[in-house]
Amino acid sequence: MNKSPNSQPQVGRRLDRLESRAKVTGTADYTHNVELPRMLHAKIVRSTQAHARILSIDTSTAAGTPGVFKVVTAQDVLKLIPDPHYGPAFHDQPILAIEKVRHIGEPVAVVLASDVHVAEAAAGLVNVEYESLPAVFDEVEAATSNDVLVHDVLKPAGTFPDLKHLAGRKATNVALDYRLRHGDVEKAFAEAHQVFDHTFRTQQVMHVPLEPMISIGEPTDRGIVLHTASQSPSFVRLEIARLLGWPENRVQVKTRLLGGGFGAKLYIKLEALAAALALIARRPVRVALTMEEQFYTTTKHATTFRIRSAVDASGRIIGRHCEVYWNGGAYADIGPRVTQKSGFTAGGPYDIANLNIDSYQVYTNLPPAGAFRGFGITQVVWGYESQADLIAREIGMDPVKFRRLNLLEDGRPHGTGTVMKDAALGLVLDRVASRMDWHKPIERGSGNVRRGRGIGLGFKAMVAPTTSVATITIGGDGSCTLLISTVDMGQGSDTAMAIVAADVLGLRAEDIRVVHPDTDVTPYDMATLGSRSTFSMGNAVKLAAQDLLQKLRGLADEVGISFEGIEGVSRLLKKKFGMQAGTVIGTGSFIPSYQSPDSDGRSPDITPNWMVGGTGVELEVDVETGHFRLLRMENVVDCGTPLNPKVVDTQISGAAIMQLGATYLEKMEFDAEGQLRNASFSEYKIPGILDYPAQLACEAVESQQGTGAYGAKGIGESGCFGVASAIAEAIQDAVGVRIMSLPITPEAVFRALCEKRGEPLAA
């Protein structure tokens with residue numbers, strides 16, 4: 001028997017990840033390792049135009065290249081799939097461009113060959129003739145443009161309950177406009193002691209998973225198998241079956257460990273193309289992107305955020321109006337959900353009696369934007385926390401005290417109408433301040449190097465509604481196998497789910513085998529995104545394990561013996577089946593509560609829980625060059641009960657370090673024609689070990705999520721919320737200049753210092 005009966009609680013153990021040995025010894029199973037007989041390699045021919053009609057595609061030279069199997073265009077796809085458009089929010093993205101391209105880098109044709117190098121060389125021989133069209137790249141300009149329309153017609157997908165209201169604004173580039181109306185904002189501004197009006201901007205960045213995207217289509221006698229590095233295998237099966245007009249059980253989707261995802265591998269990315277190519281070729285086809293190609297596949301939304309606040313004489317925010325424009329690029333992907341969910345909290349974690357929010361998802365002629373770690377929250381926190389510091393400075397109040405004065409307390413309704421519960425906002429703020437020794441003055445530096453510090457606080461509503469299902473089996477020898485469609489992409493979900501199941505069953509987590517997603521085997525899970533798995537799948541796993549125990553007790557009653565826990569299962573099954581054999585299955589389903597917002601964007605239940613994160617930084621700035629260096633960063637979160645504190649620590653720090661990249665290093669640089677100029681690691685820099693602060697620490701506060709499994713909730717994103725605004729405030733604290741757009745580069749700081757001295761530099 002493989003099990004190791006254990007009476008010690010598993011929740012709270014500092015446990016190495018179950019797959020850690022396989023990863024460090026190079027035996028971990030990734031999709032890139034899949035090799036299939038007769039497999040072809042695909043290389044994509046991409047658009048060189050941001051917005052253009054396709055006049056002709058000449059594939060003759062490429063098709064005649066020795067070793068090329070076939071060159072595929074949209075005309076070949078249309079013979080197989082009459083309407084080859086996909087997307088989780090709108091069915092707006094074609095598998096290959098049809099008649100028109102909408103961004104540089106869009107797939108136009110594909111070369112198939114047995115040798116990947118032959119396919120790559122031949123892809124350069126495909127000649128596409130275009131008629132250029134006017135293009136639009138800025139989100140605010142696109143939102144008001146009537147001349148340049150990225151899409152003439154929009155077809156809402158209608159897949160998810162929270163997006164069923166989608167329609168888009170006709171004859172505009174606005175795919176979704178979320179609108180919140182709470183109280184009387186105009187009256188609040190009329191009565192304000194002071195009014196603050198600021199605009200903040202963020203840039204388009206890329207997820208940069210170190211395992212590039214890959215999907216392999218494998219035709220079979222009964223349908224197709226997709227081996228794919230995906231965060232949402234259940235959705236992929238559903239969407240591919242819809243495209244093909246097949247029953248879902250003819251589509252099998254298998255995932256393995258992922259080398260990072262951060263939202264880049266959600267919903268359909270390469271899977272529809274891999275399926276179409278495999279069915280056209282009638283052979284397995286491998287579509288594997290280079291790192292450069294990922295920049296053209298999905299990105300993080302650039303934003304323009306105007307925030308106006310009315311403040312009374314005591315420093316309380318009595319009214320706020322937020323306008324957020326999200327640059328969604330050429331295809332909506334899941335951008336409308338990002339726009340809505342982050343729109344809920346764009347006013348900040350503050351008790352504001354009068355609040356208006358307008359949040360617009362806008363099409364442009366740039367690569368599409370979708371989910372990204374933080375799900376839009378980092379962009380709005382950057383805005384509302386930067387303004388919190390600016391207000392505090394203007395009214396002469398300590399920034400921590402200002403936040404404390406306005407903070408939303410548990411039991412109070414948020415602007416949406418949903419009451420705050422189990423959200424340790426005050427505790428997180430206090431712990432950040434305490435860890436930063438906020439009450440003590442800091443050494444300000446001297447000469448050319450000056451020091452400053454800042455604090456940022458953010459919160460996030462979890463995605464809902466969603467569904468998670470888990471099953472757990474116990475075999476004749478008493479060993480347990482957990483079947484879930486949650487994808488472990490480095491966040492440690494396999495280990496966390498094993499901990500939950502083991503705690504219920506009285507086993508060690510190491511003795512639970514977790515099966516990786518295979519839609520023929522593992523039950524439905526909406527997707528692995530938005531820090532939802534610990535809460536949603538954690539509850540499903542706990543219910544499944546409890547169901548298993550209940551069934552074993554029932555079986556003991558049936559055969560007339562006492563139930564002795566997992567240790568007695570072999571005896572129980574021998575009594576039932578006459579030998580040590582058989583399988584008992586426990587099942588658990590979890591659907592968190594949710595109520596759609598009304599016409600004013602309000603709802604008594606927009607989320608099943610709130611995630612909270614705060615950051616404090618101390619840095620020094622060289623006043624002669626604008627260069628700055630982080631000396632210290634403290635990250636504090638509320639994740640409820642830490643299931644595995646060892647992984648929680650790395651998740652907090654990992655999220656914060658990732659946000660450092662978006663704060664002062666990363667920016668996708670587009671020229672005036674929409675051409676990306678830095679799509680490589682030599683030109684697009686993410687944080688390396690030398691970019692870490694000298695002192696980096698984290699903490700999960702003592703809290704409980706009342707509705708979570710063992711009081712737990714998600715942790716993958718909370719560490720990134722407050723980073724950017726804290727750095728901007730620390731720079732102002734050090735040298736007196738405020739940066740309003742990300743990234744905060746040394747050049748931006750230097751320009752601001754010159755401006756402050758009355759010596760502005762030329763643009």
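FYI, the numbering just counts along the sequence from 1.
The closest side-chain donor-acceptor pair between Ser531 and Glu717 falls under 3.5 angstrom. No donor-acceptor contact under 3.5 angstrom links the side chains of Gln231 and Thr528, judged on distance only. Donor-acceptor pairing under 3.5 Å is lacking for the side chains of Glu120 and His41. For the residue pair Trp326/Ser359, the side-chain donor-acceptor check at 3.5 Å is satisfied. Counted by atom type alone, Thr378 and Lys300 present one or more donor-acceptor pairs between their side chains at under 3.5 Å. Side-chain contact of Thr202 with Gln379: a donor-acceptor pair under 3.5 Å is absent, judged by distance alone. In the model, Arg306 has no side-chain atom that pairs as donor or acceptor with a side-chain atom of Thr199 under 3.5 Å. Using modelled atom types and a 3.5 Å distance limit, the side chains of Glu385 and Ser725 yield no donor-acceptor pair.
The heavy-atom pair separating Leu742 from Ala724 by the smallest distance is CD1-CB, 4.1 Å. Residues Ala371 and Leu266 share a closest heavy-atom pair of CB-CD1, 3.5 Å. The heavy-atom pair separating Ala97 from Glu106 by the smallest distance is CB-OE2, 3.9 Å. Contact record, Val381 with Leu457: CG1-O, 3.8 Å, taken as the closest heavy-atom pair. When every heavy atom of Ala109 is checked against every heavy atom of Thr73, the shortest pair comes out as CB-CG2, 4.2 Å. Contact detail for Leu154 and Gly168: the closest heavy-atom pair is CD1-CA, 4.1 Å.
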Output, in order, the C-alpha distance, side-chain angles, deciding distance and verdict of salt bridge (Lys or Arg N to Asp or Glu O under 4.0 Å) for Lys269 and Asp333.
CA-CA 9 Å; Lys269 291 297 183 286; Asp333 197 272; 2.8 Å; yes
Thr228/Leu270 under side chain to side chain contact (heavy atoms under 4.5 Å, CB included): CA gap, chis, key distance, verdict:
CA-CA 8 Å; Thr228 184; Leu270 305 180; over 6 Å; no
Show your working on side chain to side chain donor-acceptor pair (under 3.5 Å) between Ser741 and Gln203 and close with a plain yes or no.
CA-CA 8 Å; Ser741 298; Gln203 76 286 29; over 6 Å; no
Show your reasoning for whether side chain to side chain contact (heavy atoms under 4.5 Å, CB included) applies to Gln675 and Thr48.
CA-CA 8 Å; Gln675 173 66 58; Thr48 58; 5.9 Å; no
Check the pair Tyr130 / Val108 against side chain to side chain contact (heavy atoms under 4.5 Å, CB included), numbers first and verdict last.
CA-CA 11 Å; Tyr130 299 100; Val108 175; 3.8 Å; yes
Please determine whether salt bridge (Lys or Arg N to Asp or Glu O under 4.0 Å) holds for the pair Glu323 and Arg308, giving the CA-CA distance in whole Å, both sets of side-chain angles, and the decisive distance to 0.1 Å.
CA-CA 9 Å; Glu323 288 178 83; Arg308 292 182 292 135; 5.1 Å; no
Derivation and outcome, side chain to side chain contact (heavy atoms under 4.5 Å, CB included), residues Tyr360 and Arg169:
CA-CA 11 Å; Tyr360 303 100; Arg169 283 188 184 177; 3.7 Å; yes
Please lay out, stage by stage, how Tyr363 and His151 fare under the test ring-ring contact (aromatic ring centres under 6.0 Å, His included).
CA-CA 8 Å; Tyr363 285 112; His151 292 271; 4.5 Å; yes
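Judged by distance alone, the side chain of Lys265 and the main-chain N or O of Gly260 form a donor-acceptor pair under 3.5 Å. Between the side chain of Lys43 and the backbone N or O of Val111, no donor-acceptor pair lies under 3.5 Å. When atom types are taken as modelled, the side chain of Ser145 and the backbone of Glu141 share no donor-acceptor pair closer than 3.5 angstrom. Formation of a donor-acceptor pair under 3.5 Å by the Asn173 side chain with backbone atoms of Val148 is found in this model.
To the nearest 0.5 angstrom, Thr297 atom OG1 is 12.5 Å from Tyr331 atom OH. For the atom pair CD (Glu666) and OH (Tyr664), the distance works out to 10.5 Å, reported to the nearest 0.5 Å. Met206 contributes atom CE, which lies 10.5 Å from atom CZ of Phe262 (distance to the nearest 0.5 angstrom). Between atom CD of residue Glu139 and atom OG1 of residue Thr144 there is a gap of 11.0 Å, rounded to the nearest 0.5 Å. Note that CZ of Phe137 is 8.0 Å distant from CG of Asp671, once rounded to the nearest 0.5 Å. Atom CD1 of Ile334 sits about 5.5 Å away from atom CG of Leu163, to the nearest 0.5 Å.
Between Phe160 and Phe235, the ring centre distance stays below 6.0 Å. With ring centers used as reference points, His207 lies under 6.0 Å from Phe372. Taking the six-membered ring for Trp and the full ring otherwise, the centers of Phe200 and Tyr384 sit at least 6.0 Å from each other. A centroid separation of 6.0 Å or more is found between the aromatic rings of His198 and Phe305.
Lys685 has no carboxylate O lying under 4.0 Å from a charged side-chain N of Asp691, or vice versa, which leaves the two without a salt bridge. For Arg677 and Glu683, the salt-bridge test fails: no basic side-chain N is under 4.0 Å from an acidic carboxylate O. A salt bridge is defined here as a Lys NZ or Arg NE, NH1 or NH2 lying under 4.0 Å from an Asp or Glu carboxylate O, and Lys155 with Asp92 fails to meet this definition. For the pair Arg181 and Asp358, the salt-bridge criterion is met [side-chain N within less than 4.0 Å of a carboxylate O]. Arg738 and Glu729 are joined by a salt bridge, as a carboxylate oxygen and a charged side-chain nitrogen come within less than 4.0 angstrom of each other. Comment: Arg751 does not engage Glu755 in a salt bridge, judged by the lack of any side-chain N to carboxylate O separation of less than 4.0 angstrom.
In this structure the side chain of Ile98 reaches within 4.5 angstrom of the side chain of Leu78, judged on heavy atoms. In this structure the side chain of Val737 never reaches within 4.5 angstrom of the side chain of Gln732, judged on heavy atoms. Residues Ile240 and Ile268 meet the side-chain proximity criterion, which asks for heavy atoms closer than 4.5 Å. Between Leu660 and Leu665 the shortest side-chain heavy-atom distance does not fall below 4.5 Å. Residues Arg532 and Met526 have side chains in contact (heavy-atom distance under 4.5 Å, counting atoms from C-beta outward). Residues Leu390 and Phe196 fail the side-chain proximity criterion, which asks for heavy atoms closer than 4.5 Å. Taking the side chain as every heavy atom from C-beta outward, Glu293 and Ile44 approach each other to under 4.5 Å. The shortest distance between side-chain heavy atoms of Phe721 and Thr615 does not fall below 4.5 Å.
With respect to His51, the side-chain hydrogen bond (donor to acceptor under 3.5 Å, both in side chains) criterion is satisfied by exactly one of Lys100, Glu673, Arg102, His103: Lys100. With Pro209 as reference, Gln294 is the one residue of Met291, Met489, Gln294 to meet the side chain to side chain contact (heavy atoms under 4.5 Å, CB included) rule. Looking at Tyr684, Phe681, Phe670 one by one, the single match for ring pair (Phe, Tyr, Trp, His ring centres under 6.0 Å) with Phe295 turns out to be Tyr684.
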